[in-house]
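Quick notes on the structure that follows.
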2 protein chains.
Amino acid sequence: MSGDAAARQVDAVAAAAGAVAPAVARTTAAQRQALLDAIAAALQGAAGDLVALAIRETHLPEARLRVELDRTAFQLRAFGRAVRGGRHLHAVIEHADDRYPLGAPAPDLRALSAPVGPIAVFAAGNFPFAFSVAGGDTASALAAGCPVIVKAHPGHPALSRAVAALVSRAVLDVGAEPATFALIEGQEAGVRLLRHPAIRAAAFTGSTVGGRALFDIAAARPDPIPFYGELGSINPVFVTAEALAADAASVADGFTDSYTTGSGQLCTKPGVIFVPSGTDFVERVAAGVDAVAAAPMLDERIRAGYDAGADLFAVPGVEAVRVGGSRPDGVEPSLYRTDMSVFLTHGEALTQERFGPSALVVEYDDVEDLPRAARAIEGSLTATVRAAGPADRGLTELVEELRARSGRLVYNGWPTGVTVSAAMMHGGPWPSSTASAHTSVGLSAMDRFLRPVAYQNFPPELLPPELRDGADVPQEVDAWRAP
Amino acid sequence: MSGDAAARQVDAVAAAAGAVAPAVARTTAAQRQALLDAIAAALQGAAGDLVALAIRETHLPEARLRVELDRTAFQLRAFGRAVRGGRHLHAVIEHADDRYPLGAPAPDLRALSAPVGPIAVFAAGNFPFAFSVAGGDTASALAAGCPVIVKAHPGHPALSRAVAALVSRAVLDVGAEPATFALIEGQEAGVRLLRHPAIRAAAFTGSTVGGRALFDIAAARPDPIPFYGELGSINPVFVTAEALAADAASVADGFTDSYTTGSGQLCTKPGVIFVPSGTDFVERVAAGVDAVAAAPMLDERIRAGYDAGADLFAVPGVEAVRVGGSRPDGVEPSLYRTDMSVFLTHGEALTQERFGPSALVVEYDDVEDLPRAARAIEGSLTATVRAAGPADRGLTELVEELRARSGRLVYNGWPTGVTVSAAMMHGGPWPSSTASAHTSVGLSAMDRFLRPVAYQNFPPELLPPELRDGADVPQEVDAWRAP
């Protein structure tokens, strides 16, 4: 397609999405659930073909891709159920109040969250199902009642088209507006989409550099729109002396598995771990790494980036324990080691995200250095502590420090593995996300595509049904009024 | 103060706010309420002096300023009560779930909203109490557990300093960290503050031009921060034929009062009203306007802006019914009239906000033109309908259209007058605000300064008390789980 033709196509799908946005906003919860369920069923019905395509384009292993496809279907259905539940509406009712103390009585005031309009979704490369064409951003936007235009990730074009075809078919099958969903391809097309007046918000999962460029474009519009980007994250892990003394083997094995799984191509991959000095922790991890088979990365550009990332650790005082790199059959994990004094000098450089199976072990002598080490790390999606128990020395102070710079705190688990549920928070301070108050995984992901609207003194006939007294959705009624 | 000294002062207060942010975040709800109550009491205790200062600097009438001061004290206390209630924490608890369908069981996951850190508040000129030094932005940020640095509005410097002194005294009196609050002055100082690494979010009330400039600075930071700006708004009013037939006098009188009160210097001033053609509505409003005494505006710059704003209506087909302008004793209201065909051609130009007592009456022949007229108007804080009843012709379609482009819909009231309560929404699509999902008035204003943090598999001892089972705050417990 020529550049002009591609631009015309972007303009056409964006305008179409804008035109149907009011109708999509009017769809009932049951209609939205029907669409999400139909997409889920279509994905699972075509699982064999889709997984085969995904293997060819992403080189990820079949077992992982099958689980990811099921997770994606689960996620679609979860948003459908959530919409039926009505929690996302955040319905608040306050009846008129004559006792309001400032002269005039308080009016009857009712608020609910309404869809913002067409959403641009920039698909990710590392989760070809869960964060791509029919992934969490698309599911949450459709659930919220917004049309979606996905910009395909160039890493899996055939899979993107196949999934888009299934989604479009599902849209027709359930009788939704055809322009509820569309797919576009190409970087220029994505930028044009982001600038289109019909687009009301954007969601993105990818690199800090790419996300920052798109964030700047969204912010520079004549009418700036929210850009929900999930960017780079180092996901630090802190191990207490008590935890290591209790079970060094499972900490070492768990860490090795967490940072090498999926060839380290996960946004929640732990990139740095702090352990007490004077133990054999590094040797244990190194032995585990030696048993990890070389595996291909998503594509050549990412493989080259992984190789180049070794430069991050070319810092005096940092030891390369294993220099993983490209082999004919894929890449091998890398492992580095340093001590706390080197880390406190070079922390920010040493905690830039290196996409791939690479991690740094920092050995500390004094647990009281850990909060300071935490402060040397930029905002992160997650932070993990490994402890023998809540009374481990220094733990309380450390957790408070980590809370200030991450979105999800994990206790005695690993950051990889992100549950789709109501309390999930997959976002964090910059640069882990562009909007630290929002999550891209879990039911609250819908909030990105909703905004509250208040109705003052409206008669019931003109109110949205969910705001009428006694409607069958969660309502907060007169929960706060002047005493 | 020299430029260098001012810059050093900004850096010092911002760094101090950053340093105490963890301690401020740790304050209990009772401690925050004590501070907010102390500020409220201090304002009311000094009401005589403060109102006298405000009259001198803003030329607003005494009665209005006294009510505004009381409203500001009410607002501070309201946030204190709200924090005690714990609703703002949005606590969500999900217990571990073995039935989670994707292989691994779902972990125990709990989320609550935590303070983001130091907030820059850019005070407004038109509400020297309610949207200034101790106004809604400051109150909601302190309630959320964030240090606040206010950039004073240049229109009332002495009042700003007097209120700041009271706030700082209250901070000391209740034993809070002294750096919990600070005041700075000057445009350059404000920009430097907005760029300071310690600042985590900003709130602003003012013009679209000024707000856009600051928004761009916030977005261009190495680590962009949210900029919650409440900018310009036209606040359209739509009157059905049935409503006008039922009581033309009260609609005309109410409109006149709403657009001229406070010399039209309100963000919710209705700047355009649509009425059926062939009535004496314009004449009624004109008669009302003639009875409105000339009144001074906030300052000379704003008066000059009001005078210059007459140019907005230099459009063929627009009649100047009353050309209000500067008199020795203040400005008089302006009133313009046009018809729907002219409006549909020039709608965007005719609905740029003109700060001051100016309004446009658009006469329509066909109620079916109203949704199209609504689409010609940019995003607005409010939209008002005046009807005889919910069955008035065309009303349902109109309300749906208005919902897509405003934050608060008013039925048979007027947009001026903004209740401080849980369901209030004072924000709307660009340019009425920079973040249409957020409100700057009402209890949800706190949400701007909070972000969710999830705790995975944490022992109770390490959880925030509010996330422990059975804590005395609203908790959503296992409200959503896989079936």
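In the text below, chain A, chain B and the rest are named by the order of the sequence lines, each starting its count at 1.
Looking at Ala82(B), both its backbone and its side chain come within 4.5 Å of chain A, counting heavy atoms on both sides. Using a 4.5 Å cut-off between heavy atoms, Leu450(B) contacts chain A through its backbone alone, with no side-chain atom that close. Proximity to chain A (any heavy atom under 4.5 Å) is shown, for Val453(B), by both the backbone and the side chain. The contact between Pro115(A) and chain B is made entirely by side chain atoms (from C-beta outward), counting heavy-atom distances below 4.5 Å. Only the side chain of Leu112(B) has a heavy atom closer than 4.5 Å to any heavy atom of chain A. Interface residue Pro464(B): only side-chain heavy atoms are found under 4.5 Å from chain A.
For the side chain to side chain contact (heavy atoms under 4.5 Å, CB included) with Val92(B), the qualifying choice from Met424(A), Met425(A), Arg87(A) is Arg87(A), the only one to do so.
In this structure, Val410(B) and Asn457(A) have side chains that are not in contact, with every pair of non-hydrogen atoms separated by 4.5 Å or more. Between Arg26(A) and Glu400(B), some side-chain heavy-atom pair lies under the 4.5 Å cut-off. Proximity of Thr419(A) to Pro107(B): side-chain heavy atoms (C-beta onward) are separated by under 4.5 Å at one or more points. Between Asp223(B) and Pro431(A) there is no side-chain heavy-atom pair separated by less than 4.5 Å. Under the 4.5 Å side-chain criterion, counting only non-hydrogen atoms from C-beta, Arg451(B) is in contact with Pro429(A). For the pair Pro452(B) and Thr439(A), the minimum side-chain heavy-atom distance is 4.5 Å or more.
Rounding to the nearest 0.5 angstrom, the gap separating the OG1 atom in Thr434(A) from the CD1 atom in Ile225(B) is 13.5 Å. One distance of note links CG of Leu409(A) with CZ of Arg110(B); it measures 14.0 Å at 0.5 Å rounding.
Most heavy-atom pairs under 4.5 Å with chain B, from the set Glu476(A), Arg448(A), Glu378(A), His90(A): that is Glu476(A). For the options Pro222(A), Ala25(A), Ala21(A), Pro226(A), heavy-atom pairs under 4.5 Å to chain B are most numerous at Pro222(A). Comparing Gly407(B), Pro224(B), Ser436(B) by heavy-atom pairs within less than 4.5 Å of chain A, the highest count is held by Pro224(B). Among Arg77(B), Arg221(B), His426(B), the residue with the largest count of heavy-atom pairs under 4.5 Å with chain A is Arg221(B). In terms of heavy-atom pairs under 4.5 angstrom with chain A, the leader among Ala111(B), Pro459(B), Gly117(B) is Pro459(B). Here Arg212(B) is the residue among Arg200(B), Arg212(B), Arg71(B) with the most heavy-atom pairs under 4.5 Å with chain A. Contacts with chain B were tallied for Ala218(A), Ala220(A), Ala219(A); Ala219(A) has the most, counting heavy-atom pairs under 4.5 Å.
Within the structure, every pair that satisfies the side chain to side chain donor-acceptor pair (under 3.5 Å) test and touches residues 404-418 of chain A, not counting sequence neighbours, is listed here: Ser258(A)-Thr416(A), Glu401(A)-Arg405(A), Arg408(A)-Gln456(B).
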Practice item. Carefully, step by step, assess Val385(B) and Phe458(A) under the rule side chain to side chain contact (heavy atoms under 4.5 Å, CB included). Key: CA-CA 10 Å; Val385(B) 293; Phe458(A) 262 62; 4.2 Å; yes

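Formation of a donor-acceptor pair under 3.5 Å by the Arg403(B) side chain with backbone atoms of Ala454(A) is not found in this model. A donor-acceptor distance shorter than 3.5 angstrom exists from the side chain of Glu94(A) to the backbone of Ala422(B), with no hydrogens or angles considered.
In this structure, Thr72(B) has no side-chain hydrogen bond (donor to acceptor under 3.5 Å, both in side chains) partners at least two apart in sequence or on a different chain.
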